[in-house]
Amino acid sequence: MKDVLIIGGGVAGIQSALDLADRGIHVYLVEKEPSIGGRMALLDKTMSTNDCSICILAPKMNECASHPNIEIMEYSEVIEVKGKAGNFKVKVRRKAKYVDSSKCTGCGDCMEKCPTEIPNEYNSYLDKRKAIFLPFPQAVPRKATIDKEHCLKLTRNRCGLCERICKAGAIDYNQKDKIIELNVASIIVAIGSSLYEPKDLVEYGYGRYANVHTWMEYERLINAAGPTHGHLKCAPDGRRPKKIAFIQCVGSRDVKRCQWCSSVCCMVSIKSAMLANEHYPDLESYIFYSDLRVFSKRFYEYSKRGERDYKVTYIHARPGEIKEDKRTKNLTLYYEDEEKGKINKIEVEMVVLATPIMPSKDARKIAEVLGIETDKYGFIKTVDYTNPVETTKKGIFVAGCCERPKDITESVYQASAASAKAAEIAGD
Amino acid sequence: MAEKLRIGVFVCDCGTNIAGFVNVPEVCEYAKTLPDVVYVKENMYTCSNAGIQEIMDAIKKHKLNRVVVASCTPRTHEPLFRKACEQAGLNKFLFEFVNIRDQCSWVHQKEKEKATEKAKDLVRMGVAKARLLEPLKEIKIDVEKKSLVIGGGIAGMTAALSLAEQGFEVYLVEKENRLGGLLNYINQIYPSDANAQQFLEEIVKKVEKEKKIHVLLNSEVESVDGYIGNFNVRIRQKKESEESKEIKEIKVGTIIVAIGAKPYEPMYMYNYDEYENVLTQYDLEKILKEKKIEKWGTIVFIQCIGGRGERVNYCSRICCMNSIKNARILKKLLPDSQIYIIHKGLQTYGTVYEDYCRKAREEGIRFIRVRDSIPIISSLEKRNGKLFVGFYHPGLRRKIELGADSVVLSTPLIQREDAKKISQMLKIPLGQDGFFFEAHVKLRPVDFATDGIYMAGSCRAPADINECIVQALASASRASIPMAKGYVKAEPYTPVIDEERCMGCGVCVEVCPYGAMKLVEKNRRKFAENIPAACKGCGACASSCVHKAINMRHFKDEQIMAQIEEAI
Ligand SMILES: Cc1cc2nc3c(=O)[nH]c(=O)nc-3n(C[C@H](O)[C@H](O)[C@H](O)COP(=O)(O)OP(=O)(O)OC[C@H]3O[C@@H](n4cnc5c(N)ncnc54)[C@H](O)[C@@H]3O)c2cc1C
Ligand SMILES: Cc1cc2nc3c(=O)[nH]c(=O)nc-3n(C[C@H](O)[C@H](O)[C@H](O)COP(=O)(O)OP(=O)(O)OC[C@H]3O[C@@H](n4cnc5c(N)ncnc54)[C@H](O)[C@@H]3O)c2cc1C
Ligand code: SF4
Ligand code: SF4
Ligand code: SF4
Ligand code: SF4
Ligand code: SF4
């Protein structure tokens, strides 16, 4: 039995790792961030079950951490791959965390005291985090990391507070990156996706209008662990919204931007509308769509449930323009009302934009390192539609959103599928 | 119990998660006053390496024979502490978890005093239960390294091939006289537009060549009993020439269900049975395959016939793409034709499908989107030899009619007749939509709740070939886990049946969601008997037994009662 390398510790990478490890194959799970979990760890609830996302993922993350056949290499990157199926030689850079993981207990004392605050990428930049941090409370491994770009000690040789505070003596400002060499029989790529840079979304006032958010920001706003502790608040006075508009396909299915369909955003907006209504039972939502994508198991039923039980109205139109009231910061959407045959308008307190799921920013780099191809959209390419987990190089497989946008369910079964193929090579 | 009880209690600060809201030293002092408690320790992090070491040292040094940890949540940490007990030589079932974070400090953050009192109550209850704990043994069951795949469509064949490649023997049981299922009837496959029959032929050849796969055609599974690792299967095979039948008995460790689906036939709908040139997609595939295309001038595809709330309450996923595929093929064959697709919202999700649809538009296929809330068309009539499709056009805000030479109806895939039979035989559930019901929609999409049984393909929900293949490989991965290990472990929280009380009524057999209870005959009386390997220890049987004949190990009535008494 030989080892397998998995690149990316989102739900897909986690599922691949657990399938292989459970059947007795040793895996290295390389994750770029300080914690595994990926996008799913940052979502509030999951459509179409409305399960608490982190609550159902955390046990799997912990299982990875305690599994004798899984070695998590967090805060690491694959920098070189040589050889071929059955015998790949891999170099991994384990970036210095400036914290000795074997000593750190994750107590959080250092983070409380660290004076350096920077915009928090794990909360869609809606609040701040410290220079020494855990990406989120349920992080696995639950070990602190110092962000060397921002730490006063590492940038200007000042401060050093965390070293004095840490009771475990875990801080080590002299830690260096380490290069680790692995030998594996097969590789699974599961690096997930990136989201469209919302800066480019000028037409709907994103960035100019305080109450226009992307769907990822909304996930954090409605999340009890997020910056507003799950309370939806609108500018200028922090009042809660009574009406929310969701606009679909903002940048997706658009030949000038992303020509593809991101597959999950229709359903995610329905979920988001349901969650808002659960928080505030009188809240109404309007979903502006062009084709509601309800193709997977129980999706259609879910869309009907939204309409019936959660005050969701579906409007087949694309708002042409949004205007902001300077005083109330309320937003008025203008759209062509198909049913009435004229321009209609609606005033809401909050607008959520379903922006495209993009190929991971690292896709091209990883493809180069591995010697595999990306497709014309920039996602990791599979041989063809009837070889759905095989990349263009033998022994290297793909799973999850890095192949094309998909939901958690499909990411999970594709991850298991990739494990089956990886095991065909590694398993004898 | 001869041995004198020596209980150790470890109370965790969880950094500030518990200590910030609960007065932990006070809880510790209190624990020391409880009966049989000989050792109490506060840890900043019981789960840290140092904390674990302290538990192990204390078990040895203080001869502890029961361990109680009061900390975060058993969901993530129980296995860790149990392992520590085991490593220190203590049976791991002599450990009790007390949840003072998720169920106490986190919910009473604003009332420190009450939180401390509640933590004391919880610790007292835990200690009470610990005093009654009994050592248990995990059950280890050997797993037969063979698999049964039911259904020889693309999903079943793909699963069988992967399992064989991984080294396992597979029985592939197909009801019909050939492999391939629905694929046999298809002309070209989207999105590659490859010839479906060539594609199928290649796969069938691979399956036939693979020595580890035993293909049983004209065969059906007659009965299955047993549990993960040890399923006894009877297969009935019709012999082609004679009227004779052969019964084959095999033993397998795992089962994959891949019996597919069938297209809904729109009988008595829209004059499908009456008018010639009103076709289903299925009919059209056949005509295209046999190259019997007529010189149609106008062709109208109508989506969602019977789907999306009409006869079934789901979207069938594949039919939008399928119409676009066939519309494009027809446009190429009949460049002068007018082709319309009337739909309720196209399902061309993802990268390639969206492009496929865009190409169709560029090639001149016209899409008409209608409202979702009403039947897709209002009439389909034949006048003077021409078909007329009437429907409400939302853009024009009135009913219009399109004349057509041919009308193609897209109907959903629905459950096959055999689904109910297989569901009963294997005790695996079907959902309201008629498709098999998975263990967890998001995280266990190809598993059944019952261990050792998995599913793939269109019997799970409508799926195209790409998705059937992904799910088939996934089911092969899931099934390979117990077979590669060669054994499974079952937790020993199984029911104990009091034969004096059991009346053999079988209620427990009915309620058990995992098929882990059966009735057996002893001395001409019927008794319930538990199958430990299949049992999840959920306790549904115990709570449903009106004769109180079932007691759960580790959650015995007296253990629970002791806890309740301490609580009140
Ligand atoms: C706003 C939003 C809401 C959503 N809501 C739902 C929902 O309700 N239900 C649902 O089913 N789906 C939902 N989805 C989709 C869901 O998030 C994805 O299906 C799922 O997260 C995909 O998992 P993954 O493992 O492929 O990718 P990810 O979760 O993105 O994980 C990829 C991992 O790889 C790591 N990585 C990236 N590059 C590298 C590298 N070079 N080296 C090492 N590691 C790397 C990343 O850090 C990350 O941990 C939503 C998506 C979005 C954007
Ligand atoms: C008209 C049409 C056109 C299509 N076009 C495309 C396309 O272009 N591209 C694409 O990707 N997909 C297409 N599809 C979808 C695709 O064909 C199916 O989703 C796929 O073939 C289903 O495979 P399966 O193995 O799940 O099920 P099936 O093909 O249904 O196979 C199931 C098998 O199980 C057998 N079986 C049933 N009950 C039992 C039993 N009790 N015991 C033993 N065996 C049993 C059946 O006889 C059958 O052989 C199309 C479908 C239709 C209807
Ligand atoms: S580095 Fe020290 S202070 Fe910071 S979390 Fe780890 S143990 Fe606590
Ligand atoms: S040394 Fe760096 S990480 Fe530590 S407290 Fe100071 S700024 Fe924060
Ligand atoms: S899923 Fe819906 S919102 Fe997202 S790109 Fe596709 S059609 Fe647009
Ligand atoms: S795939 Fe298209 S035609 Fe089929 S049910 Fe769904 S929306 Fe209707
Ligand atoms: S405890 Fe649950 S799984 Fe076990 S026999 Fe009883 S009902 Fe079935």
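Chain identifiers are assigned alphabetically (A, B, ...) following the order of the sequence lines, protein sequences preceding nucleic acid strands; residue numbering begins at 1 within each chain.
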Residue [X] versus chain A: region with a heavy atom under 4.5 Å:
X: B/R371; value: side chain
X: B/L346; value: both
X: B/Y356; value: neither
X: B/T348; value: both
X: B/V441; value: both

Largest heavy-atom contact set with chain B, pairs under 4.5 Å, which of [options]:
options: A/K167, A/R404, A/K297; answer: A/K297
options: A/F299, A/Y314, A/F379, A/Y289; answer: A/Y289
options: A/R298, A/K421, A/K60; answer: A/R298
options: A/A168, A/S411, A/S263; answer: A/S263
options: A/V412, A/I25, A/D19, A/I408; answer: A/D19
options: A/D375, A/L57, A/V294, A/D109; answer: A/V294

Considering only heavy atoms and a distance below 4.5 Å, find which of [options] pairs most often with chain A.
options: B/S480, B/A476, B/G167, B/G350; result: B/G350
options: B/D355, B/D433, B/N313; result: B/D355
options: B/R478, B/R308, B/Q471, B/K83; result: B/R308
options: B/R369, B/R444, B/E438; result: B/R369
options: B/P482, B/A474, B/A456, B/G345; result: B/A474
options: B/M483, B/R358, B/H343, B/K485; result: B/R358

Verify the distance criterion only: is there a donor paired with an acceptor across the side chains of [X] and [Y] at less than 3.5 Å?
X: B/Q303; Y: B/K344; result: no
X: B/Q188; Y: B/N195; result: no
X: A/T382; Y: A/E390; result: no
X: A/H67; Y: A/D22; result: yes
X: B/T254; Y: B/S147; result: yes
X: A/E424; Y: B/S162; result: yes
X: A/S252; Y: A/S262; result: yes
X: B/Y353; Y: B/D464; result: yes

Under a 4.5 Å heavy-atom cut-off, does chain B meet the side chain of [X], its backbone, both or neither?
X: A/Y300; result: side chain
X: A/M61; result: neither
X: A/K406; result: neither
X: A/K340; result: backbone
X: A/Q15; result: side chain
X: A/Y377; result: side chain
X: A/D407; result: side chain
X: A/V11; result: side chain
X: A/L292; result: backbone

Subject >> Nearest-0.5 Å distance that lies between atom CG in A/L20 and atom CD1 in A/I188 >> reply: 5.0 Å

Original post:
What distance separates A/I357 CD1 from A/C258 SG, expressed to the nearest 0.5 Å?
Top reply: 10.5 Å

Subject >> B/R361 charged N/C atom sitting above B/F367 aromatic ring, 6.0 Å / 45° >> reply: yes

Subject >> 4.5 Å side-chain heavy-atom contact, A/R318 and A/S290 >> reply: no

**OP:** Evaluate the side-chain proximity of A/T386 to B/N466: yes if any heavy-atom separation is below 4.5 Å, no if none is.
**Re:** no

**OP:** Would you mind checking if A/E336 and A/K342 are paired as a salt bridge, meaning a charged N to carboxylate O distance below 4.0 Å?
**Re:** no

Subject >> Atom CD of B/Q432: over 12 foreign heavy atoms under 6.0 Å >> reply: no

